[in-house]
Amino acid sequence: MNLAERYAGFGPILHRYGSDSLLIDLADGPSPDLARQKCIWYLDEVIATWPDVIETVPAVNNLLLVCRDAGSVLRVRDRLRRGELEGDVGTAPGRDIVIPVRYGGAGGPDLIAVAEHCGLSVAALVKAHSDAVYSVLCLGAHPGFGYLAGLPSALSVPRHASPRTRVEAGSVAIGGSQAGVIAAPTPSGWNLIGHTDLTFFDLHAQPPNLLRSGDRLRFEIEDILS
């Protein structure tokens, strides 16, 4: 299936976004959809080469196009409506990344509570979390943070009603139906179940982000702390 066919199959909605931008919305409800996200990744790759587009910003199930001017917005909109999208939708981009995690302890203060909420032992929860393969939908919220799809539904747990004022970088967390790793010190209401020593954002590195959209992640058990 080529890009134009895949794109049309999702019935995209095009929104004018300010004077010089356009939003491609492929969402069909609030939940992340990996099939739609794969289309976003490839739309991003193709449209970023268009001369009227100066920046693309992928998000969950949508893609923001920043154009050169108001005239560029109209040309890009018309091109999208005509389905002028070269290329094929192939395998997802990205790399396989393993994240070593120390579950529980000071770095995972919510591990026991999350296990109790899910009706699992700590060992069973850790196994289910580490057995899953996660896809990076996009980066957002704060520098280096990847929104991950792939959390087993049995591990879904509500966020805290009152967020912590500071969560340290490297905190492995669950928020609702999504998993993630806090990339920089920040307030957060996500449930903290472990910690990794990997650095997810380094302003002085090139590139500064460890993760990219389309990467596949696995959490590896380094230790389970009481």
Side-chain angles (χ1 to χ4, degrees), residues 1-3 6-7 10 24 26 31-49 53 55-65 85-103 107-108 126-152 155 167-175 177-184 186 188 190 192-223:
M1 178 181 291
N2 63 37
L3 267 175
R6 173 66 66 86
Y7 168 83
F10 286 135
I24 303 175
L26 300 188
S31 298
D33 184 309
L34 189 54
R36 283 175 171 78
Q37 201 65 25
K38 288 179 180 179
C39 188
I40 289 293
W41 297 334
Y42 286 97
L43 286 170
D44 182 25
E45 182 179 345
V46 171
I47 296 172
T49 66
V53 176
E55 184 180 5
T56 58
V57 184
V60 176
N61 293 340
N62 62 64
L63 178 65
L64 178 67
L65 311 178
L85 298 161
E86 306 84 358
D88 294 324
V89 177
T91 57
R95 305 152 298 164
D96 294 304
I97 298 175
V98 176
I99 301 173
V101 180
R102 295 185 300 278
Y103 287 91
V126 168
K127 184 178 188 304
H129 184 265
S130 59
D131 280 350
V133 178
Y134 302 84
S135 295
V136 180
L137 297 172
C138 65
L139 302 185
H142 61 268
F145 180 78
Y147 285 95
L148 307 182
L151 182 74
L155 305 189
V167 172
E168 298 301 327
S171 296
V172 177
I174 295 174
S177 62
Q178 287 186 291
V181 182
I182 305 301
T186 183
S188 177
W190 286 42
L192 311 181
I193 63 171
H195 191 274
T196 180
D197 290 332
L198 289 183
T199 298
F200 286 77
F201 179 77
D202 181 353
L203 186 60
H204 303 291
Q206 191 57 246
N209 296 315
L210 173 66
L211 302 181
R212 297 196 298 251
S213 295
D215 285 345
R216 294 166 297 278
L217 310 185
R218 290 193 67 248
F219 294 101
E220 181 178 73
I221 303 170
E222 188 174 49
D223 202 354

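Computation of the quantities below employed the complete heavy-atom set of this structure, encompassing side-chain atoms and omitting hydrogens, waters and symmetry-equivalent molecules. All residue numbers in this chain count up from 1 along the given sequence.
- Side-chain atoms of Y103 and S130, non-hydrogen and from C-beta on, do get closer than 4.5 Å to each other.
- In this structure, L26 CG and N62 CG are separated by 8.0 Å, a value rounded to the nearest 0.5 Å.
- Listed for the R216 side chain is a donor-acceptor partner under 3.5 Å among the backbone atoms of G94.
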Task: Candidate pair R36 and V60, rule side-chain contact (heavy atoms from CB on, under 4.5 Å), full reasoning - done: CA-CA 9 Å; R36 283 175 171 78; V60 176; over 6 Å; no

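- Closest non-hydrogen pair, S213 versus L137, comes out as OG-O, 3.6 Å.
- Nearest heavy atom pair, residue G107 against residue L192, reads O-CB, 4.2 Å.
- The line from OG1 of T56 to CD1 of I40 is 10.5 Å long, rounded to the nearest 0.5 Å.
- Side-chain contact between V181 and L211 is absent, with no heavy atoms from C-beta onward closer than 4.5 Å.
- Taken from CG in L34 to CG in N61, the straight-line distance is 9.5 Å, to the nearest 0.5 Å.
- In this structure, R102 pairs ionically with D197, as a charged nitrogen and a carboxylate oxygen lie closer than 4.0 Å.
- Of the possible donor and acceptor atoms, one in the side chain of T196 sits under 3.5 Å from a partner among the backbone N and O of P100.
- With rounding to the nearest 0.5 angstrom, the CG atom of L151 is 9.0 Å from the CD atom of Q178.
- Taking every heavy atom of both residues into account, W190 and I174 meet most closely at CE3-C, 3.6 Å.
- Residue D44 comes nearest to P58 through the heavy atom pair OD2-CG, 3.7 Å, listed as atom of the first residue, atom of the second, then distance.
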Task: Audit row: H129, V172, side-chain contact (heavy atoms from CB on, under 4.5 Å) steps and yes/no - done: CA-CA 11 Å; H129 184 265; V172 177; 3.7 Å; yes

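- In this structure, the separation between CG on L85 and CG on L43 is 6.0 Å, given to the nearest 0.5 Å.
- The one candidate from H142, H195, E168 that meets the side chain to side chain contact (heavy atoms under 4.5 Å, CB included) condition with I182 is H142.
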- [ ] Could you check Q37 against C138 for side-chain contact (heavy atoms from CB on, under 4.5 Å), going step by step and ending with a plain yes or no?
- [x] CA-CA 9 Å; Q37 201 65 25; C138 65; 4.3 Å; yes

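- Taking the ring centroids of F219 and Y134, they lie under the 6.0 Å cut-off.
- Summarising the geometry, atom CG belonging to L210 is positioned 10.5 Å from atom CG belonging to D202; distances are rounded to the nearest 0.5 Å.
- Contact annotation: the side chain of F200 approaches that of I99 to within less than 4.5 Å [non-hydrogen atoms, C-beta and beyond].
- Nearest heavy-atom pair, L139 versus G146, reported as atom, atom and distance to 0.1 Å: CD2-CA, 3.7 Å.
- The minimum heavy-atom distance linking A141 with Y147 is given by the pair CB-OH, 3.3 Å.
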TODO: Give the C-alpha distance, both sets of side-chain angles, the deciding distance and a yes or no for side-chain contact (heavy atoms from CB on, under 4.5 Å) between L217 and V136.
DONE: CA-CA 8 Å; L217 310 185; V136 180; 4.1 Å; yes

